[in-house]
Asker: 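One structure follows; several queries about it will come next.
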Amino acid sequence: MSRHTARLAAVEVLYAADVRGADPAELLAERPRVASYAVRLIEAITARREEIDSILSAKSIGWPMQRMSPVDRNVLRIGVLELLEGDIPPAVIIDEAVELAKRFSGEPAGRFVNGILAAVLADRQEPGVAPEPSPAPGSGS
């Protein structure tokens, strides 16, 4: 199973947990054959949720976490986690998150997710190093 498919499964489980006020691990246990990468994302986000939400809150000025759609909020959580872990190129992380947001919430959500994750990335870059730009949607890159 590809990482893209695993991220999709992780969004679905995290979204359902968010909306239901349920434990993501319990919902994960109800799903047959979930990719190991999806399980890892869900477990890591559950364990680091305070840290991740704090980062998101700092970058979404004027747009509190509870005001975000549950889908966008969980797509952003996955993106922030992957940026924190640093084992995937940032442009890939942002592009994947934008595509997931657009798929579930539409074009404006993709722009919102891109802006927040780009701001998170800018803070994580070394001083004096420009952040790696995310390709523009539809640019064919």
Asker: Would you say that Glu96 contacts Ile78 through its side chain, given a criterion of any heavy-atom pair below 4.5 Å between the two side chains?
Answerer: no
Asker: Which heavy atom of Ala38 sits nearest a heavy atom of Ala6, and at what distance?
Answerer: CB-O, 3.3 Å
Asker: Is it true that, when you exclude Tyr15 itself, more than 12 heavy atoms of the residues, nucleotides or ligands shown sit nearer than 6.0 Å to its OH?
Answerer: no
Asker: Do you know which two heavy atoms are closest between Val120 and Lys59, and how far apart they sit?
Answerer: CG2-CG, 3.7 Å
Asker: Is the number of heavy atoms from other residues, nucleotides or ligands within 6.0 Å of CZ (Arg103) greater than 12?
Answerer: no
Asker: If we check side-chain hydrogen bond (donor to acceptor under 3.5 Å, both in side chains) with Arg7, which of these qualifies: Glu82, Glu99, Glu12?
Answerer: Glu82
Asker: Using side-chain heavy atoms (C-beta onward) and a distance below 4.5 Å, is Val34 in contact with Val13?
Answerer: no
Asker: Considering all heavy atoms of both residues, which atom of Val75 and which atom of Ala97 are nearest to each other, and what is their separation?
Answerer: CG1-O, 3.3 Å
Asker: Please find the pair of heavy atoms, one from Val98 and one from Gly110, that lie closest to each other, and give the distance.
Answerer: CG2-O, 3.6 Å
Asker: Side chains of Leu8 and Phe104: closer than 4.5 Å at any heavy-atom pair?
Answerer: yes
Asker: With distance as the sole test, does Arg73 use its side chain to make a donor-acceptor pair with the main-chain N or O of Met65 at under 3.5 Å?
Answerer: yes
Asker: I want to check something: taking the side chain as every heavy atom from C-beta on, are Val92 and Arg3 in contact at a cut-off of under 4.5 Å?
Answerer: no
Asker: Out of curiosity, Asp72 CG to Arg67 CZ, how far, rounded to the nearest 0.5 Å?
Answerer: 12.0 Å
Asker: Give, for atom CG of Leu28 and atom CG of Leu14, the distance between the pair rounded to the nearest 0.5 Å.
Answerer: 9.0 Å
Asker: I need the Ile42 CD1 to Tyr37 OH distance, nearest 0.5 Å.
Answerer: 11.5 Å
Asker: Determine yes or no for a side-chain-to-main-chain donor-acceptor pair under 3.5 angstrom, with Ser57 supplying the side chain and Asp53 the backbone.
Answerer: yes
Asker: Taking the side chain from Asn74 and the backbone from Pro70, do they hold a donor-acceptor pair closer than 3.5 Å?
Answerer: yes
Asker: Look up atom CD1 in Ile52 and atom CG in Leu84, then write down how far apart they are to the nearest 0.5 Å.
Answerer: 6.0 Å
Asker: When rounded to the nearest 0.5 angstrom, what is the spacing between CG in Leu81 and OG1 in Thr46?
Answerer: 10.0 Å
Asker: Going through the distances and angles, do Arg20 and Glu26 end up as a side chain to side chain contact (heavy atoms under 4.5 Å, CB included)?
Answerer: CA-CA 12 Å; Arg20 296 181 194 172; Glu26 289 177 16; over 6 Å; no
Asker: For the atom pair CG (Leu76) and CG (Leu100), what is the distance rounded to the nearest 0.5 Å?
Answerer: 10.5 Å
Asker: Please give me the minimum heavy-atom distance between Ser105 and Ala109, naming the atom from each residue.
Answerer: CB-CB, 3.3 Å
